Chemist: 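For reference, the structure I am asking about is given below.
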Amino acid sequence: MRNISIQTTQHVSIDYKLATLQWRLYAFIIDALIIAFGIFIYYQTVLQISNSLYAMLPMFGWIWCYSLLFEVLLRGRTPGKMALSIRAVRADGQETGFTEYFLRWVFRSVDIWGSFGAIGALMISGTARMQRLGDLLADTVVISTESGDRVDLSSLFQLRTEQNYQVSYPQVK
């Protein structure tokens, strides 16, 4: 798995693992299932009552704006990305704003929908920072936010404490 070092606005470099094509695909599938479930619920409730063309507009808005809406509200995450602990961030460490999310969303139609995912998959596999076209234009990367430093209950029980331990700070005078 490739890494990227992002320098924050406080001039601190943080190393992140880049999200692989596989994890991004899994997140996409989870999001597609959520969209399908939303359409099913909407169809069962609203469209059963009204067969009007206008009643279908919110459903198309849900399908079309799902990723933009969630990435803006959840700061670079959709529910699928949240489930897999990945998110879209700016590659230069600045705060990701609406413009970046909007660029990613606009070029999603080329990367994913226009080519059945082929352009996006080729770009992610072929670029150094694993970016699709929307990521390149928005200067964003998709990173893994999961930390490998996990503490479980069994490791806490293995800690040993000394009864007479004295805290000392030798560098402080």
Side-chain angles (χ1 to χ4, degrees), residues 1-43 47 53 56-150:
M1 187 175 274
R2 293 185 228 170
N3 291 334
I4 185 169
S5 182
I6 298 176
Q7 188 168 359
T8 66
T9 54
Q10 292 81 20
H11 304 291
V12 175
S13 291
I14 301 175
D15 291 332
Y16 291 102
K17 292 179 184 175
L18 291 170
T20 62
L21 175 61
Q22 181 180 10
W23 285 107
R24 290 173 78 158
L25 178 63
Y26 292 157
F28 179 81
I29 291 170
I30 292 170
D31 289 332
L33 291 172
I34 293 171
I35 290 170
F37 182 73
I39 292 169
F40 175 76
I41 297 297
Y42 188 78
Y43 179 78
L47 293 181
L53 179 63
M56 294 178 69
L57 289 177
M59 183 176 66
F60 289 119
W62 168 251
I63 295 167
W64 188 250
C65 296
Y66 174 89
S67 63
L68 177 64
L69 175 72
F70 278 109
E71 282 194 357
V72 169
L73 292 177
L74 300 176
R75 299 180 52 225
R77 293 180 167 187
T78 61
K81 287 180 180 149
M82 285 180 71
L84 296 171
S85 298
I86 61 176
R87 80 183 267 205
V89 296
R90 280 185 49 172
D92 61 3
Q94 301 292 319
E95 184 71 28
T96 312
F98 180 78
T99 305
E100 289 81 19
Y101 298 132
F102 184 75
L103 278 172
R104 286 174 47 80
W105 176 73
V106 165
F107 284 94
R108 185 180 185 89
S109 61
V110 175
D111 289 338
I112 298 169
W113 302 117
S115 64
F116 299 105
I119 293 175
L122 287 172
M123 295 284 297
I124 291 168
S125 300
T127 57
R129 296 191 296 182
M130 303 177 93
Q131 297 169 295
R132 60 180 179 85
L133 185 60
D135 290 322
L136 285 170
L137 295 173
D139 193 30
T140 58
V141 291
V142 179
I143 59 167
S144 173
T145 57
E146 189 171 82
S147 173
D149 303 333
R150 296 208 183 246

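Model, not experiment: these values are computed from the prediction.
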Chemist: Are L68 and F102 packed together at the side-chain level, in the sense that at least one heavy-atom pair is separated by less than 4.5 angstrom?
Modeler: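 Yes, their side chains come closer than 4.5 Å.
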Chemist: Listing request: all side-chain hydrogen bond (donor to acceptor under 3.5 Å, both in side chains) pairs with a residue in residues 113-123, at least two apart in sequence or in separate chains.
Modeler: none
Chemist: Tell me whether S109 contacts the main-chain N or O of V106 through its side chain, where contact means a donor paired with an acceptor under 3.5 Å.
Modeler: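 Yes; judged by distance alone, with no hydrogens or angles, the pair exists.
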Chemist: Under a 4.5 Å cut-off applied to non-hydrogen side-chain atoms, are T140 and V89 in contact?
Modeler: no
Chemist: Less than 4.5 Å apart, any side-chain heavy atom of E95 and any of R90?
Modeler: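 Sidechains of R90 and E95: no contact.
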Chemist: Would you find more than 12 non-hydrogen atoms of other residues, nucleotides or ligands less than 6.0 Å from F70 atom CZ?
Modeler: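 Counting neighbours around CZ of F70, more than 12 heavy atoms of other residues, nucleotides or ligands fall under 6.0 Å, so yes.
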Chemist: Is there side-chain contact between I143 and I4, with heavy atoms separated by less than 4.5 Å?
Modeler: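 I143 vs I4: side chains touch.
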Chemist: Does D92 use its side chain to pair, donor to acceptor, with the backbone of D139 at less than 3.5 Å?
Modeler: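 A pair under 3.5 Å: no.
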Chemist: Do R132 and R24 make a side-chain contact, defined as non-hydrogen atoms from C-beta onward lying under 4.5 Å apart?
Modeler: yes
Chemist: Take atom CZ in R2; do more than 12 heavy atoms of anything else shown fall under 6.0 Å from it?
Modeler: yes
Chemist: Check whether any side-chain heavy atom of Q131 sits under 4.5 Å from a side-chain heavy atom of V141, and report yes or no.
Modeler: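 Yes, their side chains come closer than 4.5 Å.
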Chemist: Are side-chain N/O atoms of T145 and R77 paired as donor and acceptor at under 3.5 Å?
Modeler: yes
Chemist: Ion pair present between E71 and R87, side-chain N to carboxylate O less than 4.0 angstrom?
Modeler: no
Chemist: Would you please say whether a donor-acceptor pair under 3.5 Å links the side chains of D31 and Y66?
Modeler: yes
Chemist: Is there a side-chain contact between W23 and V142, using heavy atoms and a 4.5 Å cut-off?
Modeler: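 W23 does not reach V142 side chain to side chain.
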Chemist: Does OH belonging to Y26 count more than 12 external heavy atoms closer than 6.0 Å?
Modeler: no
